[in-house]
Asker: 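Dropping a structure here in structure tokens format, bear with me for questions.
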Amino acid sequence: MPELPEVEVVCRGLNPLLKGYRIERVELMHHQLRYPLPSYFVSLLPGLTFKEVKRRAKYILFHFDVDFLVVWHLGMTGQFHLLDSREPKARHEHVRIDLSGGKSLCYRDARRFGYAGVIAADKLNQHPWFNRLGPEPLSDAFSADTLFARSRGRNTPIKTLLMNNEVVVGVGNIYASESLFRSGIHPARASGRISLKRMSLLVEAIKAVLSEAIEAGGSTISDFVKADGKPGYFAHQFRVYGREGERCYQCGKGIRRIVQSGRSSFYCPFCQR
DNA sequence: AAATGAACCTGTTTGC
DNA sequence: TGCAAACAGGTTCATT
């Protein structure tokens, strides 16, 4: 499911729904996600009151009325649902967090690539999950100048560079392809051979695509955490992703697919150089 | 150091 | 129809 926009939508959706609620009980059905879930979740978390749900990169940060936070990554298929506590356990539901007020925060993850842990609030940035992360793409810290500087002397295809979390966080496989199309850059172009001018177009495209996707998800936030399990949004219009063989909306030629670092990239061979 | 590929796991779609 | 291969939105680890 999640790239940065999806995680942002989940956080914005959960924040008002969880704020002020107390954890009554935690049940682990399956400990082995990407990493083992800390079994002390069961004893440590009950009694805590949710203060705020925030995001850094693709991590969900649950803040409480204490000096540590619960950090959760959804992997490829992780989902949170806020359900009535009497709801029977769903397939692939691995964690259930019962809240005051009769609702439960349920974590489902078919592939179990997700992971979670507890981290001291003042040591978050030293933690191995966080200490090498690049800037947030929607912040001023991510600019044409910084991306240009990071790309000099590198032969890596630009698409691979964009998906490197040490360069910029949150740009996943879909939005990497989409932003390269919008800026007219071929995904296989060597990162070090892109001018500052074109890098500027790329950075603006990334910010625009991610912002639009968050907006599109924003209108259906309530659906995301309802019982039906529907994803946050379908509304976003992909211009190249998943459109191999179909016509480019700009020039009418066929969209192509190539594999880079084991991931599919989609592009228009005419519009992107 | 940088680049590539494999690994983690399950479900769904595609192709013979 | 049945079965196997390919593929899926992420990240880390090992190997060139």
Side-chain angles (χ1 to χ4, degrees), chain A residues 1-11 29-37 55-60 71-80 90-95 107-117 127-134 137 149-181 187-193 206 209-210 212-214 216-217 224 229-246 256-266:
Chain A
M1 289 269 140
E3 290 193 34
L4 180 145
E6 287 83 350
V7 179
E8 179 67 25
V9 167
V10 170
C11 290
M29 282 73 83
H30 202 311
H31 295 238
Q32 193 57 49
L33 302 188
R34 173 172 193 153
Y35 309 118
L37 278 176
R55 178 191 62 75
R56 165 71 172 124
K58 292 170 190 161
Y59 292 91
I60 299 170
V71 175
W72 213 300
H73 196 293
L74 299 175
M76 293 272 239
T77 52
Q79 294 182 326
F80 277 112
R91 186 157 156 76
H92 300 305
E93 183 179 332
H94 308 308
V95 183
Y107 180 70
R108 273 196 243 171
D109 190 347
R111 291 176 75 177
R112 305 207 307 274
F113 284 177
Y115 48 102
H127 189 277
W129 294 347
F130 292 85
N131 63 9
R132 300 175 67 85
L133 292 180
R150 290 292 257 112
S151 65
R152 291 310 91 180
R154 298 194 60 169
N155 248 336
T156 313
I158 184 63
K159 202 272 198 156
T160 307
L161 189 81
L162 290 182
M163 294 187 58
N164 180 346
N165 279 334
E166 296 182 24
V167 175
V168 57
V169 301
V171 181
N173 205 38
I174 291 176
Y175 298 112
S177 280
E178 291 295 316
S179 47
L180 285 167
F181 173 78
R189 174 163 288 276
S191 303
R193 301 202 191 141
I206 290 168
V209 167
L210 294 178
E212 286 171 29
I214 292 170
F224 202 101
K230 282 183 184 163
Y233 69 90
F234 305 103
H236 195 64
Q237 290 283 322
F238 298 139
R239 299 189 193 173
V240 287
Y241 187 82
R243 299 192 62 241
E244 183 182 17
E246 296 174 40
R256 291 196 191 156
R257 182 178 82 96
I258 54 173
V259 175
Q260 301 178 284
S261 307
R263 316 298 300 278
S264 290
S265 302
F266 299 88

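Proteins get letters first, then strands, A, B, ... in listed order; numbering begins at 1 in each.
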Asker: A/Ser264 near the nucleic acid: base, sugar-phosphate alone, or nothing, with a heavy-atom cut-off under 4.0 Å?
Answerer: sugar-phosphate

Asker: Could you tell me which residues satisfy side chain to side chain contact (heavy atoms under 4.5 Å, CB included) with A/Pro187, sequence neighbours excluded, listed by chain and number?
Answerer: A/Lys159, A/Leu180, A/Ile258, A/Gln260, A/Ser265, A/Tyr267, A/Gln272

Asker: Only one of A/Thr156, A/Leu161, A/Ile158 clears side-chain contact (heavy atoms from CB on, under 4.5 Å) with A/Ser151; which?
Answerer: A/Leu161

Asker: Say you pick atom P in C/dC3 and the same atom in B/dC9; how far apart are they, in whole Å?
Answerer: 25 Å

Asker: Give the dot-bracket line for DNA chain B from 5' end to 3' end: parentheses for intra-strand Watson-Crick or G-U pairs under 3.5 Å, square brackets for crossings, | for inter-strand pairing, dots for unpaired.
Answerer: .|||||||.|||||||

Asker: If I take atom CZ in residue A/Arg55 and atom C1' in nucleotide C/dG10, what distance separates them, rounded to the nearest angstrom?
Answerer: 15 Å

Asker: Between C/dA8 and B/dA3, how far apart are the C1' atoms? Round to whole Å, please.
Answerer: 24 Å

Asker: Holding to side chain to side chain donor-acceptor pair (under 3.5 Å), I want the full list of residues that pass it with A/Ser179, two or more places apart in sequence or in another chain.
Answerer: none

Asker: Base, sugar-phosphate or nothing for A/Gly172? Non-hydrogen atoms, less than 4.0 Å.
Answerer: sugar-phosphate

Asker: Restricting to salt bridge (Lys or Arg N to Asp or Glu O under 4.0 Å), what partner residues turn up for A/Arg56, sequence neighbours left out?
Answerer: A/Glu136

Asker: Distance from A/Leu133 atom CG to A/Asn165 atom CG, nearest 0.5 Å?
Answerer: 6.0 Å

Asker: What interatomic distance, in whole Å, is found between P of B/dA1 and the corresponding atom of C/dG10?
Answerer: 27 Å

Asker: Return the set of residues passing ring-ring contact (aromatic ring centres under 6.0 Å, His included) with A/His73 (not counting sequence neighbours), or none when no residue passes.
Answerer: A/Tyr59, A/Tyr115

Asker: Going by the rule salt bridge (Lys or Arg N to Asp or Glu O under 4.0 Å), which residues pair with A/Arg257 if we only count those two or more places apart in sequence or in a different chain?
Answerer: A/Glu244

Asker: Please name all residues satisfying ring-ring contact (aromatic ring centres under 6.0 Å, His included) with A/Tyr107, sequence neighbours left out, ordered by chain then number.
Answerer: A/Trp72, A/Phe80

Asker: How would you list, by chain and number, every residue that makes a side chain to side chain contact (heavy atoms under 4.5 Å, CB included) with A/Ala190, sequence neighbours excluded?
Answerer: A/Asn155, A/Arg193

Asker: Between which nucleotides of DNA chain B, read 5' to 3', does contact with chain A run, using atoms under 4.0 Å from its heavy atoms?
Answerer: B/dA3 to B/dG11

Asker: Which part of the nucleic acid, if any, lies within contact of A/Arg132, taking any heavy atom under 4.0 Å across all strands shown: a base, the sugar-phosphate backbone alone, or nothing?
Answerer: nothing

Asker: Measuring only the P atom in each nucleotide, how far is B/dA7 from C/dA5? A whole number of Å is fine.
Answerer: 16 Å

Asker: Using the test salt bridge (Lys or Arg N to Asp or Glu O under 4.0 Å), find all partners of A/Arg91 that sit at least two apart in sequence or belong to another chain.
Answerer: none

Asker: What nitrogen or oxygen pairs link the protein and nucleotides 11-14 of chain C at under 3.5 Å?
Answerer:
from   : atom 1 : to       : atom 2 : distance (Å)
C/dT11 : OP1    : A/His73  : NE2    : 2.6
C/dT11 : OP2    : A/Lys58  : NZ     : 3.0
C/dT11 : OP2    : A/Asn165 : ND2    : 3.3
C/dT11 : O2     : A/Arg34  : NH1    : 2.9
C/dT11 : O2     : A/Arg34  : NH2    : 3.0
C/dT12 : O4'    : A/Arg34  : NH2    : 2.6

Asker: Taking side chain to side chain donor-acceptor pair (under 3.5 Å) as the test, write out the residues that go with A/Glu166, two or more places apart.
Answerer: A/Arg132

